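Encoded as structure tokens, the structure appears first; notes follow it.
All values below were derived from every heavy atom in this structure, side-chain atoms included, with hydrogens, water molecules and symmetry-related copies excluded. Chain letters run A, B, ... following the sequence lines, proteins first, then strands; residues in each count from 1. As the structure is a prediction and not an experimental result, all values here were calculated from the model.
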2 protein chains.
Amino acid sequence: MVPRVRIKDVAMLAGVSTATVSRTLSSPETVGQKTREKVIKAVKATGYRINGAARDLRQRRARSILILAPNLSNTFFSQIFAAIQEEASEVGLTVQISDSRIGRDRLLSLGQDGRADGIVLLDGGLDPDVVNGWNLPLIQLSEWNIAYDAPRLGIDNHAAADLAVEHLAGLGHRRILHVSGPQENVLAVTRQEGFLAGAKKRGIDQSVFPGDFTLEAGAEAARFWSTMQHRPTGVFCASDECALGFISECAHMGFEVPGDVSVIGFDDIDFADRFLPSLTTIHQPRNEMGRTAAKRVIAMMRAAQGEDAEPAPDLKDSIKATLVDRASTGRAAL
Amino acid sequence: MVPRVRIKDVAMLAGVSTATVSRTLSSPETVGQKTREKVIKAVKATGYRINGAARDLRQRRARSILILAPNLSNTFFSQIFAAIQEEASEVGLTVQISDSRIGRDRLLSLGQDGRADGIVLLDGGLDPDVVNGWNLPLIQLSEWNIAYDAPRLGIDNHAAADLAVEHLAGLGHRRILHVSGPQENVLAVTRQEGFLAGAKKRGIDQSVFPGDFTLEAGAEAARFWSTMQHRPTGVFCASDECALGFISECAHMGFEVPGDVSVIGFDDIDFADRFLPSLTTIHQPRNEMGRTAAKRVIAMMRAAQGEDAEPAPDLKDSIKATLVDRASTGRAAL
DNA sequence: GAATCGGATGTAATCGATTTCAATGGTGCC
DNA sequence: GGCACCATTGAAATCGATTACATCCGATTC
């Protein structure tokens with residue numbers, strides 16, 4: 001182990017005080033020309049890097065954003081993470097990630113140990129006491145929970161579900177099955193409500209199969225669907241994975257999509273476009289979601305640290321979901 | 001903003017010194033029964049949480065692992081991230097992630113600002129000076145670079161490619177096309193070498209189409225394939241995305257998989273199993289990879305901090321890739 | 001020439017924990 | 001009873017930066 005270079009070493013080498021070195025690095029304009037040069041030379045010579053822990057302690061901030069999601073391996077989050085990290089990196093912040101289902105105590109610690117100064121929360125299922133107990137700038141993204149005392153950002157899931165129904169109805173489908181997500185999930189419930197409202201509004205014969213967003217649930221729903229007496233001709237799945245599972249199982253059972261049944265998904269994951277048939281779905285702009293959430297929470301962090309000379313930039317609150325019409329939906333057979 | 005509770009406040013409330021509070025929290029067995037109880041009561045009453053920055057500074061460690069990957073939105077990494085975070089969380093470490101393509105200086109800082117004490121590197125394309133300059137426990141995962149002075153972990157890509165060739169050859173294919181990855185990528189090059197060696201060994205007529213792992217490259221390769229005079233009957237793609245792109249484009253052009261051409265991918269991403277046809281591919285155990293890498297780097301961190309009373313657990317170094325035989329490959333037509 | 005001003009720099013306090021070292025008091029043994 | 005020992009505890013040093021405050025010095029003003 002090479003002994004680390006400290007600010008004192010640099011100061012000594014440059015023949016100045018540590019205060020001057022610190023100033024040279026953080027606000028060079030307050031240091032004299034010649035001194036500045038000496039210091040910079042010494043910094044280069046020693047390969048000095050500021051010790052983050054020391055700086056964080058003194059400044060009572062962590063220069064770090066914490067992302068919490070209920071399941072890091074869910075590929076839906078990947079682009080969101082990437083977008084947040086990009087925004088963060090741009091302003092010199094680091095990014096921590098953690099699964100949000102790691103136990104109450106650990107979770108509380110994450111938000112209270114002073115090593116993060118802002119949070120992007122992608123989980124609406126946590127104990128509100130924990131979330132509100134963090135007392136940090138926080139934004140809810142995608143999922144939400146009204147008990148959390150924090151702004152939220154995401155698409156209008158109710159309206160998006162209505163888009164799906166509208167699309168199927170427009171193609172002449174009069175019987176539609178909804179494969180829902182887990183009932184404890186806000187997104188699932190809201191999409192289902194949107195579906196039900198949309199179906200009712202249009203006088204459509206609806207039914208719901210309880211799923212859980214997974215491929216397997218979709219496959220199971222397909223098997224159920226095949227046994228129905230009056231088979232719905234349209235199916236709206238609460239997630240793309242679920243829709244792919246449905247279609248895949250249909251193929252195995254000898255049904256054609258969209259010939260025998262039109263299927264529409266939700267999310268527009270990467271493979272939706274390349275699946276066979278390509279999947280009609282509701283597009284969630286995940287990149288934009290991550291980016292906007294990051295900007296928001298960064299603005300909140302600035303404000304919390306009293307740097308809010310200028311007000312936080314005006315960011316639009318709601319993100320617009322759109323329907324992408326591909327090959328998995330078609331006219332209803334008569 | 002609620003003023004944070006400091007250790008001093010707890011000490012005062014419990015009527016003891018800060019040293020005793022600290023000890024109660026980190027090594028309770030050294031504190032008297034009654035004192036311990038008083039302190040714990042005071043901790044609960046105040047809701048005290050240790051300030052991470054202060055502790056990190058004093059102990060000269062960060063309790064954090066840094067993950068670096070060339071593109072966070074690549075869904076191949078999701079499971080790896082999840083596995084690493086799980087292992088880390090279990091031993092009380094936090095996880096930072098960053099794109100590894102953020103510029104030399106930022107990158108150097110990440111490994112030198114003392115806010116991480118171990119690194120899992122998923123990028124073999126960084127400047128070796130930067131990587132070796134970190135001087136932190138580090139493990140290379142999946143991708144690697146011999147110029148990095150650090151252990152590596154991953155599957156044997158050469159052998160895995162041979163598995164693919166063997167499979168196709170076993171099905172009677174005598175002409176095989178390889179859709180490669182970018183030539184500056186170690187994985188791509190090694191897989192290609194394995195392919196070439198495997199083909200030569202078996203007297204197979206080979207050709208290579210230069211791709212870049214993406215869906216689009218696969219589609220492009222398919223268009224190229226369709227124009228070949230003696231069309232290969234087997235195709236080995238360097239990634240699953242690429243294979244899906246190939247198959248999808250084939251379908252659009254009216255070819256059948258595996259009727260007209262057998263396609264095999266690489267990685268076994270989540271959707272490989274549910275694609276139509278389901279994709280024969282080389283399975284990379286990403287969960288195990290992440291988990292093992294995390295264990296390794298944690299052991300290295302322990303050793304670096306002098307806690308290596310016991311030697312690091314004996315972890316197997318190489319991870320085994322296997323071929324998953326699904327529906328996208330079949331006997332070669334005569 | 002004295003007083004004033006302000007830019008550049010240094011000294012020392014500070015952030016909030018951990019840990020070394022010394023002091024204390026109780027216990028057991030002779 | 002006296003002494004050695006051990007378990008507890010506290011005072012103060014420490015980690016490595018930032019920053020409030022004091023100081024110094026040359027230039028400007030009257």
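- The distance between atom CZ of R55(A) and atom C1' of dC15(C), rounded to the nearest whole Å, is 14 Å.
- Qualifying side chain to side chain donor-acceptor pair (under 3.5 Å) partners for R101(B), counting only residues two or more places apart in sequence or in other chains: D123(B).
- One finds no side-chain N or O of Q59(A) lying less than 4.0 angstrom from the OP1 or OP2 phosphate oxygen of dC15(C).
- Taking each heavy atom of A188(A) and P182(A) in turn, the nearest pair found is CB-O, 3.2 Å.
- Contact check, R4(A) against dG16(D): no side-chain N or O comes under 4.0 Å of OP1 or OP2.
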What protein N or O atoms touch nucleotides 7-10 of chain C N or O atoms at under 3.5 angstrom, if any, and at what distances?
from: dT9(C); atom 1: OP1; to: T35(A); atom 2: OG1; distance (Å): 2.1
from: dT9(C); atom 1: OP2; to: G32(A); atom 2: N; distance (Å): 2.8
from: dT9(C); atom 1: OP2; to: T35(A); atom 2: OG1; distance (Å): 3.2
from: dG10(C); atom 1: OP2; to: S17(A); atom 2: N; distance (Å): 2.9
from: dG10(C); atom 1: OP2; to: S17(A); atom 2: OG; distance (Å): 3.0
from: dG10(C); atom 1: OP2; to: T20(A); atom 2: OG1; distance (Å): 2.6
from: dG10(C); atom 1: N7; to: R23(A); atom 2: NH2; distance (Å): 2.8
from: dG10(C); atom 1: O6; to: R23(A); atom 2: NH1; distance (Å): 3.3

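- Between D99(A) and R106(A), no side-chain nitrogen of the basic residue sits less than 4.0 Å from a carboxylate oxygen of the acidic one, so the salt-bridge criterion is not met.
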Review item, nucleotides 26-28 of chain D N/O atoms under 3.5 Å of protein N/O:
none

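- Put simply, CG on N51(A) is 18 Å from P on dC15(C), counting in whole angstrom units.
- Look at CZ on R61(B): it is 11 Å from P on dT18(C), rounded to the nearest Å.
- Heavy atoms of other residues, nucleotides or ligands lying less than 6.0 angstrom from CG of D129(B) number more than 12.
- Ion pairing of D105(B) with R49(A) is present here, as a side-chain N (NZ or NE/NH1/NH2) and a carboxylate O approach within less than 4.0 Å.
- Between the CG atom of L25(B) and the C1' atom of dT19(C) there is a distance of 15 Å, given to the nearest Å.
- Judged by distance alone, with hydrogens and angles left aside, the side-chain atoms of W144(B) form no donor-acceptor pair with the main-chain N or O of A150(B) at under 3.5 Å.
- A sub-4.0 Å separation between OP1 or OP2 of dA17(C) and a side-chain N or O of Y48(B) is present.
- Between D56(A) and R115(B) there is a salt bridge, with a side-chain nitrogen of the basic residue lying less than 4.0 Å from a carboxylate oxygen of the acidic one.
- The CG-P distance, from L57(B) to dA13(D), rounds to 17 Å in whole Å.
- Using a 4.5 Å heavy-atom threshold, the side chains of L122(A) and I80(A) count as touching.
- Under the 3.5 Å distance criterion, the side-chain polar atoms of Y148(B) are matched with a main-chain donor or acceptor of L126(B).
- DNA chain C lies under 4.0 Å from no heavy atom of any residue of residues 102-119 of chain A.
- Distance CD1 (I50(B)) to P (dT19(C)): 11 Å, rounded to an integer number of Å.
- In this structure, OG1 in T46(B) is found 12.0 Å from CZ in R4(B), a value given to the nearest 0.5 Å.
- Under the 3.5 Å distance criterion, the side-chain polar atoms of D117(A) are matched with a main-chain donor or acceptor of A62(A).
- Between the base of dT14(C) and the side chain of R58(A) there is a donor-acceptor pair shorter than 3.5 Å.
- A distance-only check finds a donor-acceptor pair linking the side chain of N132(B) to the backbone of D149(B) [under 3.5 Å].
- As a whole-Å value, the separation of K8(A) NZ from dT18(D) C1' is 15 Å.
- Side-chain contact between W134(B) and L107(B): present, with at least one pair of heavy atoms (C-beta onward) separated by less than 4.5 Å.
- Where the helix from dG1(C)-dC30(D) to dC30(C)-dG1(D) starts and where it ends, the local axes point in directions that differ by 50°; five pairs per end, rounded to 10°.
- The nearest whole Å value for the distance from the CD1 atom in I7(A) to the P atom in dA17(D) is 5 Å.
- Residues forming a side chain to side chain donor-acceptor pair (under 3.5 Å) with Q33(B) (at least two apart in sequence, or on another chain): E37(B).
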